[in-house]
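Have a look at the structure below, then the notes.
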Amino acid sequence: MQFSNKQVLIVEDQRPFLLLLKGLMHSMGTSDVVTKSSAEQAASLCKKHKFDIVICDLHLGADNKNGYELIEELRTRNLISQTAVFILISADSARPVVLGSIERRPDDFLIKPFSQAQLKSRIVRAWQKRQFLQQAYTLIERGEINSAIDHIESLLESPSHYKGHCEQLLVELYWRINQPDKALDVLSDYIEGKPVLWAQTAIGKTYLYLKEYEKAISIAKRALKRNRFNADAHDILAQAYQSLDSGDKALEAIKEAIKLSPYSLPRHFKACEIGRINEDLVLAASSSQAIWDLSKRTVHKTSLHWCGIIRSLLDVAELADDKKQRNKYQQEALLTLQRGKFDEHLQKMDRDFDVDIFGTIVNARISAIDGKLIDAKRHLSNSQSLLDDKYAEVPTAFIPDSINVMYKLGEFDDALQLKSELETRQGELDENSTSMLNIQANNAAKNLASYQQFNREGIQHYQQKDYERAKASFSLAQGFAPVNTGVALNLLQCLLQIAVKAGKADATLIAECKRLFKLIDDMSLKEPYKEKYTNLREELSKYIGF
């Protein structure tokens with residue numbers, strides 16, 4: 001490998017070591033060496049200038065983007081070429097740091113101090129690998145996955161030093177196109193053969209794709225016998241046990257994976273899902289916080305992750321054993337909300353995100369948790385009105401928590417409408433919000449089905465002018481959706497027809513009207529509901545006197 005024609009970028013915030021690295025590269029023959037002291041400066045430079053080699057320190061200042069985050073940005077946004085080599089370096093040899101570094105897949109990872117010979121050999125090895133796989137990487141970048149698979153298979157037909165790299169890339173491409181059976185064919189020699197670490201992990205993941213969970217568990221346990229610090233094996237165990245409804249084992253496995261390697265976003269997303277399913281909501285809250293901390297300076301940043309922290313804290317409050325514990329998590333959620341108004345990361349990533357409107361949704365959630373359903377409905381109605389006034393289209397960040405409250409209040413029609421809207425926004429929803437909505441939908445399914453059944457029966461009876469039976473059916477529907485506006489209006493319609501038929505309103509009917517008015521008064525209603533309510537109240541006033 002010739003270094004004389006290579007363009008090198010060094011990213012290091014400690015000037016003595018930066019100068020040392022620059023000197024090492026010059027001594028290897030490189031004349032074009034650019035240095036930057038921050039990842040932000042490096043990313044900006046890479047938008048204009050292409051480098052062959054990037055050497056980056058992991059830690060670049062507590063408040064700045066780190067090496068993890070830089071490599072993700074450069075690769076995800078294609079700010080470096082497919083043949084460019086990225087070397088991550090660090091003086092921190094702690095296991096979580098090393099595992100976190102490897103999971104970002106730099107071309108190599110070096111622990112300080114290291115020699116010029118070590119640095120040179122690692123760069124040369126990485127460069128040669130990328131040159132060998134250049135066409136495959138290019139095809140993948142273009143989205144030509146099948147062509148990439150064909151090319152890699154042709155490379156495997158001839159002996160090379162890169163057989164393992166080719167096989168690993170091929171397996172991942174088969175996963176991407178949902179052909180795990182072909183991935184298993186690639187891995188067949190490793191199933192009972194030499195225990196290669198990456199291959200054992202890949203076999204376990206492939207069995208997960210194939211829904212062969214017992215085999216996945218067996219492979220993961222075998223991998224852990226050889227290396228008890230294999231976080232990926234614990235991930236496999238967690239997913240397999242959860243699929244087999246062994247919640248306690250799934251929780252134990254994902255917690256161990258996080259303990260070993262806490263800097264993985266996918267791992268924390270999975271922890272949130274497993275935590276919610278098994279009602280370990282403290283785990284979900286902890287991982288939601290980690291997701292925000294790990295993503296807020298990266299290409300994965302989104303206000304949804306910040307919303308997830310508050311939502312998860314309220315999840316804990318909802319299932320708290322006593323009032324004191326409930327209040328503690330509610331206050332923590334409100335404190336996080338308040339801090340959000342001054343969070344620079346949140347403001348920079350989504351200037352259109354309105355923390356105050358989100359706060360109104362949070363207040364609705366808290367009122368619902370405390371059993372104050374009318375207050376919750378009022379907050380929710382206000383929030384939706386504010387969203388309609390401010391935005392032509394409601395931003396995705398507000399939708400999951402709005403749906404969450406709607407399910408709890410029995411506003412199923414509005415929840416289903418918003419859920420349908422989300423389905424048109426492919427790729428906008430983060431995994432944490434998706435898993436929460438799926439669990440909420442499953443929990444609400446029984447109440448939703450009962451509400452729809454009785455509401456439908458009520459409409460049928462009303463159309464048949466059997467107003468007493470219609471009232472009975474709507475009352476049953478309201479039992480499953482206690483503050484649902486549509487059901488309340490349907491009941492008022494029945495009461496009006498009963499009063500018209502009797503020519504008067506008895507004390508029971510008047511009390512029922514008062515109760516329903518209380519559910520609707522002072523609410524921000526959609527225009528059709530508002531018109532219907534105004535007309536009903538006017539007609540009923542002839543019989544009930546107010």
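Remember, it's a predicted structure, so these values are computed and weren't measured experimentally. For this chain, numbers begin at 1 and follow the sequence in order.
Contact annotation: the side chain of Arg365 approaches that of Glu318 to within less than 4.5 Å [non-hydrogen atoms, C-beta and beyond].
Other residues, nucleotides and ligands place no more than 12 heavy atoms under 6.0 Å from the CD atom of Glu252. The neighbour count for Gln325 CD, taken as heavy atoms of other residues, nucleotides or ligands under 6.0 Å away, is above 12. Counting heavy atoms of neighbouring residues, nucleotides and ligands inside a 6.0 Å radius, atom CZ of Arg75 exceeds 12 of them. More than 12 heavy atoms of other residues, nucleotides or ligands sit less than 6.0 Å from atom CZ of Arg515. Counting non-hydrogen atoms of other residues, nucleotides and ligands closer than 6.0 Å to NZ of Lys259 gives a total of 12 or fewer. A 6.0 Å sphere centred on CD of Glu279 holds no more than 12 heavy atoms belonging to other residues, nucleotides or ligands.
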Starting from the C-alpha separation in whole Å, work towards a yes-or-no answer on side chain to side chain contact (heavy atoms under 4.5 Å, CB included) for Thr206 and Asp181. CA-CA 8 Å; Thr206 303; Asp181 51 337; over 6 Å; no
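Taking the six-membered ring for Trp and the full ring otherwise, Phe474 and Phe454 have centroids separated by 6.0 Å or more. The aromatic ring centroids of His234 and Tyr241 lie 6.0 Å or more from each other.
For the salt bridge (Lys or Arg N to Asp or Glu O under 4.0 Å) criterion with Arg326, the lone passing option out of Asp315, Asp370, Asp321 is Asp370.
Ring geometry for Phe353 against Phe398 counts as parallel: the plane angle stays under 30°, on a 0 to 90° scale with 60° as the upper cut.
The two residues Gly486 and Asn484 have their closest heavy-atom pair at N-OD1, 2.9 Å.
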